[in-house]
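Have a look at the structure below before the remarks.
All of these numbers come straight from a predicted model, not from anything done at the bench.
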Amino acid sequence: MFSIEHEFDATVVTLVDEGAPHLQEDVIVSGFEECVTVEQYDPRTDSVNKITLSMTQMRDLAAALSLPEGVYVRSKPD
């Protein structure tokens with residue numbers, strides 16, 4: 001299950017793990033104009049882990065999801 005919310009400065013997608021008994025904490029993906037952040041609560045450390053991806057990194061990740069194993073360089077848009 002997931003939800004999508006449009007806030008003032010970001011689009012927020014929350015991914016809820018509805019799988020088998022070993023469920024993971026929710027993942028929150030926030031898309032801003034200049035970057036995308038991914039956050040997940042870690043109960044072992046009682047803290048939130050957060051990574052920030054530039055828009056270039058996000059485009060690379062999106063492209064990588066549908067490619068086979070290998071090393072790639074995306075061409076710059078015209």
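Put simply, Leu15 and Val48 are part of two different groups of oily side chains (I, L, V, M, F, W, Y) that touch within less than 4.5 Å, one to the next. Phe32 is not connected to Ile51 by any chain of hydrophobic side-chain contacts under 4.5 Å among Ile, Leu, Val, Met, Phe, Trp and Tyr, and they are in different clusters. In the hydrophobic cluster analysis, where Ile, Leu, Val, Met, Phe, Trp and Tyr join through side-chain heavy atoms closer than 4.5 angstrom, Leu65 is grouped together with Val38. Under a hydrophobic-cluster definition in which Ile, Leu, Val, Met, Phe, Trp and Tyr are linked whenever side-chain heavy atoms come within less than 4.5 Å, directly or via other members, Val12 and Met58 are assigned to different clusters. Leu67 and Val73 sit in two unconnected hydrophobic clusters of ILVMFWY residues. Membership requires side-chain heavy atoms under 4.5 Å apart, directly or through other members.
Here the side chain of Glu33 pairs no donor or acceptor atom with the backbone of Asp9 at under 3.5 angstrom.
The structure places CD of Glu5 at 9.5 Å from OG of Ser30, a figure rounded to the nearest 0.5 Å. Here the straight-line distance linking atom CD of Glu34 with atom OG1 of Thr52 works out to 9.5 Å at 0.5 Å rounding. Here CD of Glu39 is found 9.5 Å from OG1 of Thr14. Values are rounded to the nearest 0.5 Å.
Inter-residue side-chain proximity for Val36 and Met55 is flagged as met; some heavy-atom pair is nearer than 4.5 Å. Asp60 places none of its side-chain heavy atoms less than 4.5 Å from the side chain of Gln57.
Side-chain polar atoms of Tyr41 and Asn49 form no donor-acceptor pair below 3.5 angstrom.
A pairwise comparison of heavy atoms in Leu23 and Asp17 identifies CD2-O, 3.3 Å as the closest pair.
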